[in-house]
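The model shown is predicted, which means the values in this text are computed figures rather than measured ones. Numbered from 1 within each chain, the chains take letters A, B, ... in sequence-line order.
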Amino acid sequence: MTVDAHTARDAELVQLLTPEGERLEHPDYPLSLSDQQLRELYRDLVLVRALDVESVALTRRGELGLWPSLLGQEAAQIGSGRALGPGDMVFPTYREHAVAYCRGLPWLNILRLFRGVNHAGWDPKEFGFHLYTIVIGSQTLHATGYAMGMQHDARTIAEQGETAVGDATLAYFGDGATSQGDVNEAFVFAAVYNAPIVFFCQNNQWAISEPLERQTRIPLYRRAQGFGFPGVRVDGNDVLACLAVTRRALDRARTGEGPSLIEAFTYRMGAHTTTDDPTRYRHSDELEAWKLKDPIARVKAYLSRTGLANKAFFEEVDVQVAEAAVELRAACLALPDPPPEAMFQHVYAAPHRLLQEEQAAYETYLAGFHD
Amino acid sequence: MTVDAHTARDAELVQLLTPEGERLEHPDYPLSLSDQQLRELYRDLVLVRALDVESVALTRRGELGLWPSLLGQEAAQIGSGRALGPGDMVFPTYREHAVAYCRGLPWLNILRLFRGVNHAGWDPKEFGFHLYTIVIGSQTLHATGYAMGMQHDARTIAEQGETAVGDATLAYFGDGATSQGDVNEAFVFAAVYNAPIVFFCQNNQWAISEPLERQTRIPLYRRAQGFGFPGVRVDGNDVLACLAVTRRALDRARTGEGPSLIEAFTYRMGAHTTTDDPTRYRHSDELEAWKLKDPIARVKAYLSRTGLANKAFFEEVDVQVAEAAVELRAACLALPDPPPEAMFQHVYAAPHRLLQEEQAAYETYLAGFHD
Amino acid sequence: MTEVTAPQAPSREVGAQTLTLAKALNAGLRRAMEDDPKVVLMGEDIGKLGGVFRVTDGLQRDFGEGRVIDTPLAESGIVGTAIGMALRGYRPVCEIQFDGFVFPAADQIITQLAKMRLRSLGSVNLPVVVRIPCGGGIGAVEHHSESPEAYFAHTAGLRVVACSNPVDAYWMIQQAIACPDPVIFFEPKRRYWDKALVDPDVPAAPMGDALVVREGTDATLLAYGPMVKTCLEAAEADDRSLEVVDLRSLSPLDTEVLYASVRKTGRCVVVHEAPVFGGLGGEIAARITEACFYHLEAPVLRVGGFATPYPASRLEDHYLPDLDRILDAVDRTCAW
Amino acid sequence: MTEVTAPQAPSREVGAQTLTLAKALNAGLRRAMEDDPKVVLMGEDIGKLGGVFRVTDGLQRDFGEGRVIDTPLAESGIVGTAIGMALRGYRPVCEIQFDGFVFPAADQIITQLAKMRLRSLGSVNLPVVVRIPCGGGIGAVEHHSESPEAYFAHTAGLRVVACSNPVDAYWMIQQAIACPDPVIFFEPKRRYWDKALVDPDVPAAPMGDALVVREGTDATLLAYGPMVKTCLEAAEADDRSLEVVDLRSLSPLDTEVLYASVRKTGRCVVVHEAPVFGGLGGEIAARITEACFYHLEAPVLRVGGFATPYPASRLEDHYLPDLDRILDAVDRTCAW
Ligand SMILES: Cc1ncc(C[n+]2csc(CCOP(=O)(O)OP(=O)(O)O)c2C)c(N)n1
Ligand SMILES: Cc1ncc(C[n+]2csc(CCOP(=O)(O)OP(=O)(O)O)c2C)c(N)n1
Ligand SMILES: [Mg+2]
Ligand SMILES: [Mg+2]
């Protein structure tokens, strides 16, 4: 399905944990984590998968309108998400549920969106996690502008003789998105202003039904070269590598070294969304091959083999995530529908003559039914 | 003004004729031209410069609304323009007057546009030269689509067992244009479909008042690497190099090797257009330095030194171009204004109820003045 | 949607068939492609997947990847390269996956597609069709339920049409493809599953014509696309004699048909899903008022979306014009 | 334009000064930048060059490259990064070099800028101003004379205003910058050189208010931006008593002022440069007709561009509404 240049065993692929759970060292990406941290990464991965599975189930039950599953992309998201600092700002697509989780955004907020209760509705400032962006690629420009703002803030602080904390933005997008003008303009702006931003492309091999070769004929991480900043391909199913590579890219951004592009080489194990039918366009053998590279299995194998975690730990995690899923379901079912007047709220910050008039007329109209 | 990475003496710059008129050989770009061909290139260069100068003068006299001068870019345009075959298709910006000339488009047609008689008005099919495109970058997508069409034609012909002539498109754009989403999307489409297209970027160092560093921090020809096709930087003031490099790129396109990018490294010697005032934003020493690299002087030096042309030839050319300029002026002054009803013509190919109605009403209105 | 095996029909051989609106479009596209080898389809996921609404189902299989082109994910690129293909002599039909995704292509549509013929003084035609599934009512997330027709209707150089039923879908898509001018073709996505008998031997009216789809004497309901059915239902549900006109062509308007209806009824309500403010309803109301001033018993009223972005789907039933809101407007116009 | 040396004025220190509309904008921007360090300007050629119309002349020199940002040549990038800057707490003012170049940014404006506040349920404000020099009459080439206001007026989530004179230019740009909502700010480019006395101590009316700029009793002329002056001239030239209203805010409209005028005069002509079809005039006519039905002696008439792209400049005098065409419409409404 994918073009030749895109096999996962690319010499340039950064990998710290093989699919078999073997720990590798990489000269550019040293990573030392405590046992506890490693176990927590495992817990993260298992938890987000469980919540994702539950969200799919809720959709099948008709509780959500649609769900874009992150199945298979847990490591890419947890790895990069756990590299973030509190002052950093994330600009997600519509699939970064695990990054949202890393930023402390309650999963229920995402369910609200896909249930149609609102269009996103959380406060990006509270979580350092911007609103989901559905139109492909648009958020990369917002992220770049935000990074330009961070840079300007830092300069202003420096001019006042104080030391600025180096914050950075992390912009997520898919392989399909790399074809959009906006994404390439974001590359231009980020490069020209040397903005503190990391572009994180989850190459899950598919944009709905279109394989990677409809978007590019060379590996995507090389796109960055054309704009004058570094690009790196990381095993997107390797949570350690994703963590290390993202950390380093964020560090670069924080210290004034400018933008970089990360291509997390992974696979969309599920349908594009719950309304999609991938059997129409892709072969199951591709899926089977990728199953062997599961992002969670390798961490479990590593933890088991090295004795960093035992059966009790794994069971404890399983119980915990099962409970979390049950809780999520209950919370989802309890979500109230918005009242009609919600339609008129939040469009403008200042009073708006027309909208007030329309709302008043609508209320009169509704009142007519009670007469 | 320009960033470090952009000095013209780049090791990767293809040059076949030095500013001093010395002929160089390049292993990848052999070029053998007859004496006659060399002299004709000189004639082309001198002629288009003269017509350009005349067009500026016409603007100063109020005969044109505006003129984007090609001064300094003669070699880039004549070199690339003379590389074209009859079946090729050019997609210009608003500055490719010399390419238009190579394609046989009478200069007067361009004057019509800048006089405001029409918006372009020639038949692209007749000249293999598309309409001028003023919105930056848009034409690169048209060119790519056209190339996709050529490719499809060739495949259809091949399926019928016949041999297709390899035609190609040549898309012009400026350094500023490389920041536009459309241009990058054109790169994506061209690469993905391996379309027979050559992207010809005249890097004249300026986009109105913005120096190259506002668009890129690396040489522009390297942009192509990010999309997976070759990019090359050529001395844009060297007509021989521009010819050889464009020929080779067109050949690649014709023979199924797909797209390539040429960055012609040159300089906008004049104002952006006649309404611009470059003294507000650039230093005259930059201009002085580039004067030494004049595209015409080096050809003249070469022809003189090698004895390929003598004084009589140069004088003959001067007389010829002076006459052409006088003719152009006369033709411009004789251009009639379009009649009011021209407003309603050519918008739609098929009859259009509303427009007919509006035209009728307008005619009635005009008739009222005669009463 | 159920799967069908080729031939997808109705072709001239197969004769009349009951088809959904989506299948009727598919059949119309198929017929246009059979009739003219220069017709090509371009868009995201239109190949193997057959488009997210399956409108192009089976066409890549039958006409090949050269004529049913899965494109990179870039709408400006789709329309921009379609223009180039048209310049080369093709008749591209672009699919925009959802209404809200047409805006990245706005520049190519408004500045290039619409204006190139004039720019060339008629030496260039751009027979490009841009298909846009539009409107709400399917419980979708943001950007999947919009009605952007007013933007294109205000853009001189384009023709804008909207089909409302399978028969028109089948014929109008073919007419749009045959048209030498660029056509923005709106498809009412929540009507994709509506069915009707489509006869390949009985052509529908030209796409430029408005049609009276229900006769009445008390008031005129003007609608297009998804709202035609809603208006017909409202008319059925009401005791008054309501005439319903399907505009079909939004730009240019077939004004004579509208004027004739309003001159007869003296009252008019225009209905569309797009926000009322700046929507097509204003244009229609202004024109009708000018042309039928002394026939109007009441001002032309408008029912449409509010001055807000399309709301979250749990609110869309409040937002979308429905029978009650339409008949409320009829009440108001009759009581004027 | 002649060069000025700093201070460009009027600042509060300098007092009232006669300024061109372009200089008034410059002074307004300057004052906004002085008042709020979060105000930044973004656009093509706005730095050293001061913009092609010199509206930002001297501002980069005085406020630095960090606050007057020459951007790469990409309009979607300009608006998209401005949104990001706004999310970070800045108040960006984007310059679109010419009206016809706003369309590459259409997606970021329509889908992101307009809709993000609702998407965030009010947790995010986007105080972004998009300045657009608009309209024709300067003998320019294609894409440099357009009037795209209807596209934005139809986009819920935006506010759209148009200034018509130096005093409003000075104040309205500051009000737009202070506004917590995104504002599309239209500048009548052929009026850039018009002069008026601008007093920094006498604020103009809020940008949301329509103003009666000439009182009259026989008919109302409604206009905005460049056409206000044309309407005033037409009113001066005519024997009838014509009232002229400057809309100022195009979205939302200050309808009460319009209604009051039309209820008084009973006749109304809306004038704009944009094509009549689908233009703002239709919305205004429809609203006025609904609100003032029994006061109208004639239908609201519209004078505007034809259903063609903006023509080549040697035709623009025929295309643009002028005194004759406006008064012809007044004749027609009076003779109704
Ligand atoms: C501008 C735009 N065009 C089309 C779509 C419809 N669409 C939604 S997701 C998608 C594919 C995206 O692929 P990719 O960027 O690889 O992300 P993934 O879904 O694989 O995570 C498409 C075409 C859209 N959301 N926005
Ligand atoms: C989309 C768009 N934005 C802005 C402009 C205004 N403009 C005209 S030419 C120009 C600079 C172009 O620079 P470059 O691409 O380097 O070409 P050059 O003029 O140097 O040949 C600009 C900004 C435009 N024509 N189109
Ligand atoms: Mg993908
Ligand atoms: Mg340039």
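- When A:Y146, A:F91, A:W122 are compared by the number of non-hydrogen pairs under 4.5 Å with chain D, A:Y146 comes out ahead.
- Annotation: the span from D:Q108 atom CD to A:L141 atom CG amounts to 5.0 Å, rounded to 0.5 Å.
- Atom CG of D:D254 sits about 3.5 Å away from atom CZ of A:R353, to the nearest 0.5 Å.
- Taking all atoms of both residues into account, the shortest heavy-atom contact from D:N125 to A:A349 is OD1-CB, 3.6 Å.
- Across every non-hydrogen atom of A:Y193 and D:P72, the tightest pair is OH-CD, 3.4 Å.
- Contact annotation for D:A82: neither backbone nor side-chain heavy atoms come within less than 4.5 Å of a heavy atom of chain A.
- Taking both residues in full, the closest heavy atoms of A:H352 and D:P252 are given as NE2-CD, 3.3 Å, listed atom of the first, atom of the second, then distance.
- Heavy-atom pairs under 4.5 Å with chain D peak, among A:H119, A:H142, A:K125, at A:H142.
- Contacts of D:M116 with chain A are made by both backbone and side-chain atoms, with heavy-atom separations under 4.5 Å.
- The two residues A:Y348 and D:R117 have their closest heavy-atom pair at O-NH1, 3.2 Å.
- Note that CD of D:E65 and CZ of A:R155 are 9.5 Å apart. Values are rounded to the nearest 0.5 Å.
- A distance of 6.5 Å separates NE2 in A:H152 from CD1 in D:I69, rounded to the nearest 0.5 Å.
- Considering CD of D:Q112 and CG of A:D182, their distance stands at 8.5 Å, rounded to 0.5 Å.
- Per-residue heavy-atom pair counts under 4.5 Å with chain A were compared for D:T111, D:V79, D:L158, D:V124, and the maximum is reached by D:L158.
- The nearest pair of heavy atoms linking A:F189 to D:T71 is CE2-CB, 3.9 Å.
- Distance check: A:D153 CG to D:K38 NZ gives 4.5 Å after rounding to the nearest 0.5 Å.
- Both the backbone and the side chain of A:M150 have a heavy atom closer than 4.5 Å to some heavy atom of chain D.
- What you find for D:L118 and A:Q345 is that their closest heavy atoms are CD1-O, 3.4 Å.
- For D:I78, the parts sitting under 4.5 Å from any heavy atom of chain A are the backbone and the side chain alike.
- Heavy atoms of A:P351 lying under 4.5 Å from chain D belong exclusively to its backbone.
- With a 4.5 angstrom heavy-atom cutoff, A:D123 touches chain D via backbone and side-chain atoms both.
- For A:A350, the parts lying near chain D are the backbone and the side chain together; criterion is any non-hydrogen pair under 4.5 Å.
- For D:S76, the parts sitting under 4.5 Å from any heavy atom of chain A are the backbone and the side chain alike.
- With a 4.5 angstrom heavy-atom cutoff, A:T169 does not touch chain D via any of its atoms.
- Your options are D:P104, D:G122, D:G157, D:P180, and the one with the most heavy-atom pairs under 4.5 Å with chain A is D:G157.
- For the pair A:E357/D:T255, a side-chain contact is recorded, criterion being any heavy-atom separation below 4.5 Å from C-beta on.
- Heavy atoms of A:A120 lying under 4.5 Å from chain D belong to its backbone as well as its side chain.
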